[in-house]
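Just so we're on the same page: letters track the sequence lines, and every chain starts at 1.
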Amino acid sequence: MSERIIIHVASSALAVDKGIRLSALLPQLKLEAKPVLAEVDGRVVGLDVALDKDAEVILLYPESEAALDVLRHSASHLMAHAVLDLFPGTQVGVGPAVENGFYYDFLRETPFTTEDLAAIEAKMAEIAGRDLPIERRVMPKAEAVRRFREMGQTLKVELIEEKAGEEATVYGQGAFMDFCRGPHLASTGLVKHFKLLSVSGAYWKGDERNQQLQRIYGTAFFSTEALDAYLKLLEEARKRDHRKLGPELDLFSFSDDVGSGLTLWHPKGARIRAAIEQHWRERHWAGGYDILFTPHIGRARLWQVSGHLGFYKDSMYAPMEIDGQEYYLKPMNCPFHIQVYKSRMRSYRDLPLRWAELGTVYRYERSGVLHGLLRVRGFTQDDAHIICTPDQIEDEILRVLDFSVSILADFGFTDNKIELSVRDPKNPDKYCGDDGLWCRAEASLVKALETRGYRYERMEGEAVFYGPKIDIKIKDALGRLWQCTTIQFDFNMSERFDMAYIGEDGKEHRPYMVHRALLGSLERFFGVLVEHYNGAFPLWLAPVQAVVLPIADRHDAYALGLVDRLRAAGLRAEADLSREKVGYKIRGAETGKIPLILVVGDKEVRDGTASLRIHGLGDKGPVEIAAFLDKAQALIRQRSLTVIW
RNA sequence: GCCAGCGUAGCUCAGCAGGUAGAGCGGCUGAUUUGUAAUCAGCGGGUCAGGGGUUCGAAUCCCUUCGCUGGCUCCA
């Protein structure tokens with residue numbers, strides 16, 4: 001008689017034979033929906049798992065995050081299977097599920113083309129259609145090595161030798177076999193809705209000294225609807241791409257002759273940037289900051305002391321020689337702010353100091369990483385340094401956190417993801433600054449986050465060597481996260497430059513220095529804003545806030561007078577005097593995403609009014625000019641994100 | 001930097017078995033004096049990214065430089 005075990009599953013407790021497969025139990029549970037996977041004692045496994053002891057089983061349905069990951073992992077196997085079928089002799093690398101999809105790396109002489117992708121997709125559909133069972137097997141390491149070697153999969157052999165213990169787990173479907181920890185879906189037929197997206201290069205084991213493999217990216221979902229929704233999101237992102245909208249709306253451009261990664265701000269883009277900067281300055285002054293201006297270049301000695309020439313030189317532009325001295329373009333602002341600090345003796349009574357600068361820095365970025373405004377070589381950081389005593393640190397951290405969150409909210413970003421990066425307890429030697437400093441610094445960050453009740457993710461070991469930090473990522477209109485704010489302790493610079501203040505005791509003490517970038521880089525933030533707003537900037541930022549459209553040329557004088565009046569009231573306004581029909585002018589204003597459109601004809605001239613049209617909302621009828629100005633000014637003052645009349 | 005793809009008028013693109021460039025939109029000019037998303041007509045506009053090569057002949061084939069795109073890598 002076989003041994004019995006107790007399985008708790010779907011609110012039943014079943015006594016079953018030891019070794020039974022979970023899938024064999026499912027029929028008697030009379031489930032309404034079909035699970036795809038299960039969690040057995042906290043481990044995600046396929047439904048074919050053999051149950052050999054008492055266990056808590058949670059069935060996983062297609063909606064769960066874990067199930068989606070497994071689906072995509074199985075989809076990557078399906079793709080590798082298809083590739084090996086179509087292109088014998090190809091070697092496979094690794095193929096995990098990643099955010100939004102999956103990839104698999106292949107080693108093959110000939111590059112994959114887009115036509116190949118279509119063929120691979122068709123092959124995948126065919127294999128999925130055969131509904132092959134996906135079977136997990138455990139075999140001795142030596143056997144796995146032998147079998148993969150026989151198949152000519154030397155990359156896999158390398159992986160098995162590195163990663164497998166005594167035994168290797170492999171998953172097989174039909175003729176395809178892969179060394180893989182799993183889990184996987186029960187059969188290929190469950191992978192129904194997928195799409196291959198792109199091919200790119202990727203180094204074997206992520207090391208650029210290794211050979212480069214071809215990586216195919218794809219995505220998969222449990223339903224057509226979910227797949228279509230995701231593809232639509234990609235399409236929407238393409239439409240909003242700031243690299244497309246920016247030149248289209250005449251906001252900025254790049255020029256080969258100037259150089260890549262160097263932004264040219266056109267008048268309209270510059271108006272938006274100026275509006276952002278103006279607001280930024282006002283908020284900083286109101287928030288207890290002082291504003292600095294520092295040079296773009298500095299002597300080599302400065303960068304030696306700061307340590308940049310030691311560990312950051314590869315990212316700096318080559319030095320220029322001036323009067324026999326080497327000068328470098330600045331990649332960071334901190335050394336300059338520290339020089340301001342050191343320009344005189346500082347007392348504890350002077351602290352805290354909060355110094356901010358819109359500091360333009362230049363960093364050499366490898367050509368392949370440049371990306372529109374999001375990754376450039378010259379950019380303006382909205383930098384600040386807070387220098388304070390140990391007693392002040394908690395208040396200062398709370399203050400800078402509140403300040404940052406509040407300014408992000410001014411642009412409509414209220415759904416943020418916050419990350420706290422702290423030391424790696426297993427690796428204490430790679431950090432500078434003593435233990436007491438770190439403890440106090442980390443505690444102040446935690447305290448600030450908890451005082452405000454913010455949800456945050458604690459990233460163990462993610463702190464940089466010079467101090468712990470809080471990063472804030474904003475979520476845009478398409479749900480994408482962008483890191484903007486970083487609040488970092490810096491125990492390195494303060495030591496290197498021997499920063500000090502005189503305490504109450506008359507002795508020298510080392511201050512805390514906190515480095516903060518809020519919007520991050522203005523270029524990058526601007527790029528994100530273009531995509532977030534889809535080019536339709538809210539009234540307070542719009543480069544042209546109102547356009548006046550005369551219907552016939554006898555209304556031109558009235559239109560120009562109106563523009564003067566709007567400008568006198570502080571609005572960025574223009575008139576369109578072209579000899580076109582009003583429908584054409586309206587079209588131009590709408591595609592130009594101008595928030596307020598004022599149409600003036602005989603009626604309006606007679607009544608001293610204008611006919612208002614709001615971008616995207618259409619005709620709102622006649623308005624009194626004074627009332628219009630009041631309303632528009634109020635919307636601008638409130639930095640309203642929408643125009644509701 | 002690496003792998004792959006791409007670079008034709010301001011923009012979107014056609015032309016590519018090699019035979020000295022074309023459309024739409026935008027622009028300009030003229031006519032139209034116009035009421036809430038495209039009035040009509042005419043005109044201009046390109047060293048086919050730059051350089052080199054093959055060829056009688058190159059936008060088209062080859063090499064190379066630059067730039068862009070998707071990734072890798074990097075972002076103490």
Which whole number of Å gives the distance between the [atom1] atom of [N] and that of [M]?
N: B:C16; M: B:G10; atom1: P; answer: 23 Å
N: B:C2; M: B:C43; atom1: C1'; answer: 49 Å
N: B:G27; M: B:U64; atom1: C1'; answer: 36 Å
N: B:C62; M: B:A23; atom1: C1'; answer: 31 Å
N: B:A59; M: B:C48; atom1: P; answer: 7 Å
N: B:C3; M: B:A14; atom1: C1'; answer: 30 Å
N: B:A58; M: B:G15; atom1: C1'; answer: 14 Å
N: B:C63; M: B:G7; atom1: P; answer: 16 Å

Taking NZ in A:Lys195 as the centre, count heavy atoms belonging to other residues, nucleotides or ligands within less than 6.0 Å. Is the count above 12?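 No, NZ of A:Lys195 has 12 or fewer neighbouring heavy atoms, counting only those of other groups under 6.0 Å.
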Categorize [X] for me: base, sugar-phosphate, or nothing, with a 4.0 angstrom heavy-atom threshold over every strand shown.
X: A:Asn492; answer: base
X: A:Ser315; answer: nothing
X: A:Gly601; answer: base
X: A:Leu370; answer: sugar-phosphate
X: A:Val369; answer: base
X: A:Arg554; answer: sugar-phosphate
X: A:Lys603; answer: base
X: A:Asp602; answer: base
X: A:Gln214; answer: nothing
X: A:Arg363; answer: nothing
X: A:Gly206; answer: sugar-phosphate
X: A:Arg613; answer: base
X: A:Tyr103; answer: nothing
X: A:Gly592; answer: nothing

Looking only at heavy atoms, what is the nearest atom pair of A:Cys334 and A:His385, with distance?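 It is CB-NE2, 3.4 Å.
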For A:Phe102, does the six-membered ring have the charged nitrogen or CZ of A:Arg72 within the cation-pi criterion, i.e. under 6.0 angstrom from the centroid and within 45° of the normal?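 Judged by the rule (NZ or CZ under 6.0 Å from the ring centre, within 45° of its axis), A:Arg72 is not positioned above A:Phe102.
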A:Phe112 six-ring centre to A:Arg108 NZ/CZ under 6.0 Å and within 45° of normal: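 Yes; both conditions hold, so A:Arg108 lies above the ring face of A:Phe112.
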Start and end of the RNA chain B segment that chain A contacts, any atom under 4.0 Å from a heavy atom: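 From 5' to 3', the first and last contacting nucleotides are B:G1 to B:A76.
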Going by an N to O cut-off under 4.0 Å, is there a salt bridge joining A:Arg423 and A:Asp435?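 The answer is yes: the pair qualifies as a salt bridge.
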In terms of side-chain geometry, is the basic nitrogen of A:Asp105 or A:Arg215 positioned less than 4.0 Å from the acidic oxygen of its partner?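 Yes.
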Looking at side-chain heavy atoms only, is the closest gap between A:Val599 and A:Ile551 below 4.5 Å?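 Sidechains of A:Ile551 and A:Val599: in contact.
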Flag for A:Asp178-A:Tyr104: side-chain donor and acceptor within less than 3.5 Å: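 A donor-acceptor contact under 3.5 Å links the two side chains.
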Give none if [N] has no partner; otherwise give the nucleotide forming a Watson-Crick or G-U wobble pair with it, both distances under 3.5 Å.
N: B:U54; value: none
N: B:G27; value: B:C43
N: B:C6; value: B:G67
N: B:G1; value: B:C72
N: B:A17; value: none

Given that A:Ser611 and A:Ala552 both sit by RNA chain B, which one's nearest nucleotide is further toward the 5' end?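 So the residue in question is A:Ala552.
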Between A:Phe311 and A:Glu248, which is nearer to the 5' end of RNA chain B once each is assigned its nearest nucleotide?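 The residue mapped nearer the 5' terminus is A:Glu248.
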Go through the steps for A:Leu596 and A:Leu539 under the test side chain to side chain contact (heavy atoms under 4.5 Å, CB included), then give the verdict. CA-CA 8 Å; A:Leu596 302 171; A:Leu539 194 60; 3.8 Å; yes
